[in-house]
2 protein chains.
Amino acid sequence: MSVTIKDIAKIAGFSHTTVSRALNDSHLISKETKEKIKTIAETLNYTPNYNAKSLVLNRSYNIGLFFSTINEGTSSSFFYEVVKGVNSVVCGEFNLIVSGIDEYSNPNTINKKHFDGIIIMSQSTKDDYFIYNILEKKIPIVVLNREVQDVQLVNILSDDRKGVENAVEYLINEGHRNIAIIEGKKGFKSTQERKKGFIKALINNNISIYKDYIVKGKYDLESGYQGMKQLLNLSNIPTAVFCSNDDMAVGAIKAIVEEGLNVPEDISIIGFDDNVFASYLSPALTTIKKSFEEISIRGAKKLLKLIEDETLERERIYVSTELQIRESVKRVGGIS
Amino acid sequence: MSVTIKDIAKIAGFSHTTVSRALNDSHLISKETKEKIKTIAETLNYTPNYNAKSLVLNRSYNIGLFFSTINEGTSSSFFYEVVKGVNSVVCGEFNLIVSGIDEYSNPNTINKKHFDGIIIMSQSTKDDYFIYNILEKKIPIVVLNREVQDVQLVNILSDDRKGVENAVEYLINEGHRNIAIIEGKKGFKSTQERKKGFIKALINNNISIYKDYIVKGKYDLESGYQGMKQLLNLSNIPTAVFCSNDDMAVGAIKAIVEEGLNVPEDISIIGFDDNVFASYLSPALTTIKKSFEEISIRGAKKLLKLIEDETLERERIYVSTELQIRESVKRVGGIS
DNA sequence: TAAGTTATTGTTAACGTATGCATAGTGTGA
DNA sequence: TCACACTATGCATACGTTAACAATAACTTA
């Protein structure tokens, strides 16, 4: 049916071994035969059978990109950025197989013959059993977005702490001194990290930290609303509030508006995530964006290196965030 | 290294052929041996080597999903819906390989050994050379979203005409009689189809068609703005306007607001596409949504059938659209 | 009881590629 | 001129699976 190296061999008058070597640029073959064989291959429109190649070389030319799930609950811009990022790195040499972890009731069906390497965009600790399974099989793996503890693996994470630190420094540069935070959900790693960044920025700039300016939240709209209410009840209302995610920022804005105040004229707001809706709010929300595309690109590149050299150090890499400056922050006061 | 059927054969005391047959539930093998072999396979954590399987069975277990491009210009919600839709159908039996046509300088590198079937989400006539190439190779193929002419293939398309017809009938049911259209870009298939749907709805309801109510557009914001200006200059301003896409709807709304009028109080607007921003506009835009997820699901299912039975009729399938009713249409007048 | 049928298992080759080893031809140095 | 190295090629086999064909045993049937 389709052209094989044996067909080429017959026409060229060489053994199929020689053809194989010629097409793989082996140094054992003379220049002239190489050229002859290559032109024949081209005219015959030869393409290697990757299944046969894979069988003997014991590799698949496949990279697996696994999301926790591909169903409801995955944001489309997130999904797109990740696939795009990984694809831009692995396309050409590898096939990119996209899948959801929740589709695999039994992770054992995944084996090394099938994937040269695996990238996991992890959004839940439920993924861990899957990750451990792959680690056991010694398949090169990179985990994005979620820190996997107690295990040596390549982990690409967003540097939330630094991102918040920068954002709060931006507020300070805009003249704000009374800056509050509405925290994320208790127990979440991201909650801690974002808070640490907040504190760090204040300390760096010798701004004292008021307990009243640190209020709890739960990452949902309602808790942002309630948190802001609490801040509005203070005698010394902050001029700027960092909300640990965009949902809470929306809740906070609602509370401010209800109070008859305006964003950013009376209070400036910064969120975190850069949700789809962030730029459509009025005022458009200034927020901190994780670049999932960059996380994915870095992860994919690291994976390719890992495939080449399996002894590579398993490190944790932090990718910087980007402050999306829009309209929810106002400059205040004179120059400090 | 990893477990093969020969390993199982040794332990079970059968030939590897018997093992192969047992694991594939061949009727040639007795119940007892089947069970025995299967339990051994399970305890050894056996997974078949798909490359070997593929080699001998001449199939790949891969489905290719090709976009015109995966880079800038692809909307994320569109991309996500499509991957999600296809994945929901093919997961389990097949690997889903996602790729961009623009990554293949030479489509000849794609061969039947590599893909059991291919789905093309086509957004440009530039894809045609690629599509023809795959057709020549007799790889089962389904083309989504764009009509490919002069060729027998399975084509899954959105029924724009019917969608617009329904939307305009909705306007009519809301009491509107003076309904205008701002057309899409000249020469585009979609422009014609959407216009036909518009006309059809009017004819169905015995509403006469004014030439003045049909204005040209170019699918961009500016042309929507200009088109609306034109309509606002008429002595008999329409009470409702169907804009052939959402971008033009935004332009149209801008023109209306500039004139000191309101949407939907003075003029109702319907768009087409359900862009990301549509629900964040104020008023939130009532618009016609192509369900790319459904197009993808239908396409994927059709492809699987095509793989099973290559003689299947190559038909053109139209998937219905969905009217997203939001806030940009107002009920007018009494009951007609 | 011989011949035929059926149920179960084994032998062998095939898929298309890469590679260790063998071989032939050509030059090189003493 | 002989031994040796080097270059270019071919032979044989392996990868893990399936399947055509062969083989065996047990059971039917006349």
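When reading the values below, keep in mind they use all heavy atoms of this one structure, side chains included, and skip hydrogens, waters and symmetry mates. Chain naming here is simple, since letters A, B, ... match the order of the sequence lines and numbering starts at 1 in each. What you see is a predicted model, and the numbers here were worked out from it, not measured in a lab.
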Phosphate OP1/OP2 of [N] contacted by [X] side-chain N/O (<4.0 Å):
X       : N      : value
B/Thr33 : C/dT9  : yes
A/Tyr46 : C/dT17 : yes
A/Ser15 : D/dT9  : no
B/Lys6  : D/dG16 : no
B/Thr18 : C/dT9  : no
A/Asn49 : C/dC15 : no

Of B/Thr17 and B/Ala52, the one whose closest DNA chain D nucleotide lies more 5': B/Ala52
Residue whose closest nucleotide on DNA chain D lies nearer the 5' end, A/Ser30 versus A/His16: A/Ser30
Over 12 foreign heavy atoms within 6.0 Å of CD, A/Gln149: yes
At 4.0 Å (heavy atoms only), tell me whether [X] reaches a base, stays on the sugar-phosphate, or touches nothing.
X       : answer
B/Leu57 : sugar-phosphate
A/Ser54 : nothing
A/Leu55 : base
A/Asn24 : sugar-phosphate
B/Thr4  : sugar-phosphate

Nearest-0.5 Å distance that lies between atom NZ in A/Lys34 and atom CG in A/Asn24: 10.0 Å
cation_pi(A/Arg316, A/Tyr318) dist<6.0 Å, angle<=45: no
Toward the 5' end of DNA chain C, by each residue's nearest nucleotide, A/Leu28 or B/Gly13: B/Gly13
[X] [atom1] - [N] [atom2] separation (whole Å):
X        : N      : atom1 : atom2 : answer
A/Asp25  : D/dA8  : CG    : P     : 14 Å
B/Tyr50  : C/dG16 : OH    : C1'   : 21 Å
A/His114 : D/dT17 : NE2   : P     : 14 Å
A/Asn51  : D/dA14 : CG    : C1'   : 17 Å
A/Ile29  : C/dA24 : CD1   : C1'   : 14 Å
B/Lys31  : C/dA7  : NZ    : P     : 14 Å
B/Lys53  : C/dT17 : NZ    : C1'   : 21 Å
A/Ile5   : C/dG16 : CD1   : P     : 10 Å

Note: B/Lys290-B/Asp159 ion pair, threshold 4.0 Å (strictly below): no
Check ion pair B/Lys289-B/Glu294 (N to O, under 4.0 angstrom): no
Closest to the B/Arg21 side chain, choosing from D/dT17, D/dA20, C/dT17: D/dA20
A/Ile63 and its side-chain contact (heavy atoms from CB on, under 4.5 Å) partner, picked from A/Leu304, A/Val98, A/Asn95: A/Leu304
